[in-house]
Amino acid sequence: MRVLKNLFEKNKQWAGKIKEFDPDFFTKLSKQQNPEFLWVGCSDSRVPANEIVDMMPGEIFVHRNIANLVIHTDLNCLSVIQYAVEILKVKHIIVCGHYGCGGIKAAMDNRDHGLIDNWLRNIKDIYRFYQDRIDLLSEEKDRIDLLCELNVVEQVANICHTTIVQRAWKSGQELAVHGWIYSIEDGILKDLDVCTTNLDEISQTHRIG
Ligand code: CO
């Protein structure tokens with residue numbers, strides 16, 4: 001299986017199906033992308049951005065990493081946000097977490113996971129911040145799921161605190177940052193109701209200029 005022939009066959013069928021529906025689909029798309037959405041999600045194979053919201057190629061600009069984190073020194077993630085906001089001029093940034101996230105689970109235990117512990121450290125900080133509230137829950141599953149939600153809330157704040165998003169808002173650009181969570185168990189999305197659309201909604205400490 002050196003060349004994964006089956007995947008190339010599947011690819012041909014997939015492209016064929018799309019062309020059957022719209023013969024010019026790929027020609028049109030090859031000229032430009034014009035997505036309205038930037039999706040920041042988990043790398044988990046069960047949480048594919050386009051499929052969940054039933055969108056075609058060209059409709060969502062995507063960044064995924066373990067536990068959908070937006071770290072203010074992560075040049076990869078920040079570059080994606082900058083390109084999406086300043087060049088593509090997306091109107092919505094969606095942080096989408098999911099219940100039962102392996103990254104969140106790993107951050108809550110005390111085992112040695114190797115290199116990834118440096119990444120998970122960011123989640124441990126969030127846990128420490130909300131520990132009183134999380135530890136009130138008796139079931140481990142509920143504690144993990146609450147941290148999955150709180151992690152999304154924190155990442156929405158991290159995005160809003162970037163100079164990129166603040167500058168966009170200051171210049172009058174229309175941009176909303178949303179926090180959602182997805183259930184792998186039933187395929188349903190939930191809005192965490194933390195949508196932020198302007199500078200007045202973010203903490204004074206993080207405001208620049
Ligand atoms: Co995950």
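Numbering starts at 1 and runs along the sequence shown. None of these values were measured; they are calculated from a predicted model. The basis for the numbers below is simple: all heavy atoms, side chains too, and nothing from hydrogens, waters or symmetry mates.
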Original post:
Mind checking what makes side-chain hydrogen bond (donor to acceptor under 3.5 Å, both in side chains) contact with Glu154, not counting sequence neighbours?
Top reply: Tyr130
Subject >> Where at least one partner belongs to residues 40-81, residue pairs that pass ring-ring contact (aromatic ring centres under 6.0 Å, His included), sequence neighbours excluded >> reply: Phe61-Tyr83
Original post:
Do Leu189 and Tyr182 pass the side chain to side chain contact (heavy atoms under 4.5 Å, CB included) test, and can you show the C-alpha distance, the side-chain angles, and the key distance before you say yes or no?
Top reply: CA-CA 4 Å; Leu189 278 172; Tyr182 173 77; 3.9 Å; yes
**OP:** Please check if the side chain of Lys190 supplies one atom and the backbone of Ser183 the other of a donor-acceptor pair under 3.5 Å.
**Re:** no
**OP:** Please check if the side chain of His98 supplies one atom and the backbone of Cys96 the other of a donor-acceptor pair under 3.5 Å.
**Re:** no
Original post:
Just by modelled atom types, is the Asp44 backbone N or O under 3.5 Å from a matching donor or acceptor in the Arg64 side chain?
Top reply: yes
Subject >> Closest contact, heavy atoms only, Gly100 versus Cys148 >> reply: N-SG, 3.9 Å
**OP:** Considering only Ile, Leu, Val, Met, Phe, Trp and Tyr, and joining two whenever side-chain heavy atoms are under 4.5 Å apart, list the other residues clustered with Leu75.
**Re:** none
**OP:** Could you tell me whether a side-chain N or O of Arg143 sits under 3.5 Å from a main-chain N or O of Leu137, the two making a donor and an acceptor?
**Re:** yes
Original post:
Quick one: does Asn118's side chain get under 4.5 Å of Leu115's, heavy atoms only?
Top reply: yes
**OP:** Would you mind reporting whether Gln204 and Arg207 have side-chain heavy atoms less than 4.5 Å apart?
**Re:** yes
Subject >> Test applied, side-chain contact (heavy atoms from CB on, under 4.5 Å); reference residue, Ile123; option that passes from Ile66, Leu147, Leu150 >> reply: Leu147
Original post:
Just by modelled atom types, is the Val85 backbone N or O under 3.5 Å from a matching donor or acceptor in the Gln173 side chain?
Top reply: yes
Original post:
Can you list the residues that meet the side-chain contact (heavy atoms from CB on, under 4.5 Å) rule with Thr196, with sequence neighbours excluded?
Top reply: Val156, Cys160, Trp169, Glu201, Ile202
Original post:
In terms of side-chain heavy atoms, does Arg128 have a donor or acceptor partner in Gln131 at a distance below 3.5 Å?
Top reply: no
**OP:** Just do the side chain to side chain contact (heavy atoms under 4.5 Å, CB included) check on Val62 and Asn50 with the steps written out, would you?
**Re:** CA-CA 9 Å; Val62 175; Asn50 284 64; 4.2 Å; yes
**OP:** Starting from the C-alpha separation in whole Å, work towards a yes-or-no answer on side chain to side chain contact (heavy atoms under 4.5 Å, CB included) for Ile126 and Asn122.
**Re:** CA-CA 7 Å; Ile126 299 171; Asn122 296 291; 5.9 Å; no
**OP:** Mark yes or no for whether Asn158, through its side chain, and Val70, through its backbone, hold a donor-acceptor pair below 3.5 Å.
**Re:** yes
Original post:
Does the pair Asp109/Lys105 count as a salt bridge with the N-to-O cut at 4.0 Å?
Top reply: no
Subject >> Nearest heavy-atom neighbours spanning Ile144 and Ile104 >> reply: O-CG2, 3.8 Å
Original post:
Would you call Asp117 and Arg121 a salt bridge, using N to O less than 4.0 angstrom?
Top reply: no
Subject >> Nearest-0.5 Å distance, CG of residue Leu78 to OG1 of residue Thr73 >> reply: 8.0 Å
Subject >> Residues clustering with Trp14 (ILVMFWY side chains joined when closer than 4.5 Å, directly or via others) >> reply: Ile18, Phe25, Phe26, Leu29, Met56
**OP:** Could you pull out the closest heavy-atom pair between Asn68 and Cys42, with the gap in Å?
**Re:** OD1-CB, 3.5 Å
**OP:** Could you state whether Leu192 and Leu69 fall into the same hydrophobic cluster, counting links through intermediate Ile, Leu, Val, Met, Phe, Trp or Tyr residues with side-chain heavy atoms under 4.5 angstrom apart?
**Re:** no
Subject >> Sequence neighbours excluded, every pair satisfying side chain to side chain donor-acceptor pair (under 3.5 Å) that has a member inside residues 24-41 >> reply: Asp22-Lys28
**OP:** Tell me, with the steps shown, if Tyr99 and Ile181 meet side chain to side chain contact (heavy atoms under 4.5 Å, CB included).
**Re:** CA-CA 7 Å; Tyr99 292 119; Ile181 192 146; 3.4 Å; yes
